[in-house]
K.L.:
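One structure, pasted below without further comment.
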2 protein chains.
Amino acid sequence: MEKLSSTGSFGGRVERYKHASATLNCDMEFGVYLPPQADTGPVPVLWWLSGLTCTDENFMQKAGAQRLAAQLGLAIVCPDTSPRGTDLPGEHDDWDFGSGAGFYVNATQAPWDRHYRMYDYVTKELPALVEANLPVTGQRAVSGHSMGGHGALLCALREPERYASVSAFAPICHPSDCPWGVKAFSHYLGDDRNDWRAWDATQLLTDVDIQLPILIDQGADDPFLGEQLKPGALEQAAICAHHPLEIRLREGYDHSYFFVASFIDDHLRHHAKALGLIASAD
Amino acid sequence: MEKLSSTGSFGGRVERYKHASATLNCDMEFGVYLPPQADTGPVPVLWWLSGLTCTDENFMQKAGAQRLAAQLGLAIVCPDTSPRGTDLPGEHDDWDFGSGAGFYVNATQAPWDRHYRMYDYVTKELPALVEANLPVTGQRAVSGHSMGGHGALLCALREPERYASVSAFAPICHPSDCPWGVKAFSHYLGDDRNDWRAWDATQLLTDVDIQLPILIDQGADDPFLGEQLKPGALEQAAICAHHPLEIRLREGYDHSYFFVASFIDDHLRHHAKALGLIASAD
């Protein structure tokens, strides 16, 4: 992998890298925050998955997470949100599908299946690359925003043994039943809705054994709350499955990174406890 | 003035407004952070001046200042960096001159003098508008980054009675003697360099009576340090004038907002002490 940049940030470094992805059949870029503790030994990683239209840069620039991550000794890795540099039919026409909108699934339908395998990329290829080449451990937490919140829930519900903790900001909770999700899943996964179950947090939640507690923050003034995000569907499924879930509805907050920044410290502490960086009683 | 948006942020609000500027002869937009304390009474303001190519939005999105501003009870106002919506010859050709590069001077040369009066705009028209219409007091601090750091120094050195405190990140310290400044001043102020003295912090510093202490953070890895920013020139002038100046050179930091975010809390506390929001001993 090739280092694109390295910038001081709260005593640590924000770095960007480029590498050839075998999973996605294209070159990809990603961002990483290495706290000062990484200078003296490997540190655990919060994997952050971003939302529609984002790249690896939005969270690093706008969430303000580095301040507390530097205190906790927590690295943060931000993958991009879709394959890049490809030119599939219709890939760049819509902001909510194709480039910038990989939805963290493994596509099964042509032509998407040659590149759009973001789930395997963010859970396997990129962690292996990062853990082999940067001063981080294999201890992982996962979080994300909107489409990336959906991605974080997928990671934790599909492979809970790989993550110490999970949280999400305004996640797309039930993609099989919202316009963004139906559009993406139809193209990436085909029209048989039985094949969608394994990529839908609300439906997955009833099937899992390991019950990793889920922490969600959701703005009450989020314009996508009712039609796209549907946290109530996830809550209903969690109640029925007796799955631990905390949804905090935040009055006065919308879908922006101003909302994410306002509550990121709570999430970092949630993950730091699970990773053993701070005491659970803190 | 017309409210464009209002977004929750750390218990307060990030808002954007549009208004017709009589000083600049055009419509302008600006951003404001109102901390939660502004709900119950007026609060003092940090005036933040941004750098080349920026708008009112960069600082609000990237500096991470709202977290501590919310604790301190400090509002932040971010003006834009030049007149907008005009179409003067060559105005949009270069990133370091014209739109996005007003340099916080009052232009005297045609055609710039009809619009490019950013100094009067940020020190008089906009404060009067904001203080009459938003829950803020007339207590002001001023800071900024790069070209905006130069602007903040101008404000404090030209009219120290209007500001409780001043600081800057990587300011252009001696614009009369660097390529960015010479280009801008030649067009805005004409070729007589005697007319530039009143807009150059290093030259102004020898002329002022009120000695407002100056706090500066500067990245040691800033690529503009030697040719454009020249903090050493300001330091030399401050030594000769016995003007209190603290320049903190930060190893490993560049010119980006990652640098600003890393040290913004120190600056907020500096201003909060001068504004009486926290004890000076803190």
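The basis for the numbers below is simple: all heavy atoms, side chains too, and nothing from hydrogens, waters or symmetry mates. So that the names make sense, note that chain A is the first sequence line, chain B the second, and so on, each numbered from 1.
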K.L.:
For chain B, which candidate among A/Lys62, A/Arg13, A/Arg67 shows the most heavy-atom pairs at distances under 4.5 Å?
P.N.:
A/Arg67

K.L.:
Return the OG to CZ distance between B/Ser9 and A/Phe259, rounded to the nearest 0.5 Å.
P.N.:
12.0 Å

K.L.:
Just give me the residue among A/Ser256, A/Gly64, A/Ala70, A/Ala261 that pairs up with chain B most often, heavy atom to heavy atom, under 4.5 Å.
P.N.:
A/Ala261

K.L.:
Taking all heavy atoms of A/Tyr253 and all of B/Phe10, pick out the closest pair and write down the distance.
P.N.:
OH-N, 3.3 Å

K.L.:
Which pair of non-hydrogen atoms, one from A/Met60 and one from B/Phe258, has the smallest distance, and what is that distance?
P.N.:
O-CE2, 3.2 Å

K.L.:
Against chain B, label A/Asp265 side chain, backbone, both or neither, depending on which of its atoms sit under 4.5 Å from a heavy atom there.
P.N.:
side chain

K.L.:
So which part of A/Tyr257 gets closer than 4.5 Å to some heavy atom of chain B, the side chain, the backbone, both or neither?
P.N.:
neither

K.L.:
Of the listed residues (B/Gly8, B/Gly11, B/Ser6), which shares the most heavy-atom pairs with chain A below a 4.5 Å separation?
P.N.:
B/Gly8

K.L.:
Please flag which part of A/Glu251 lies under 4.5 Å from any non-hydrogen atom of chain B: side chain, backbone, both or neither.
P.N.:
neither

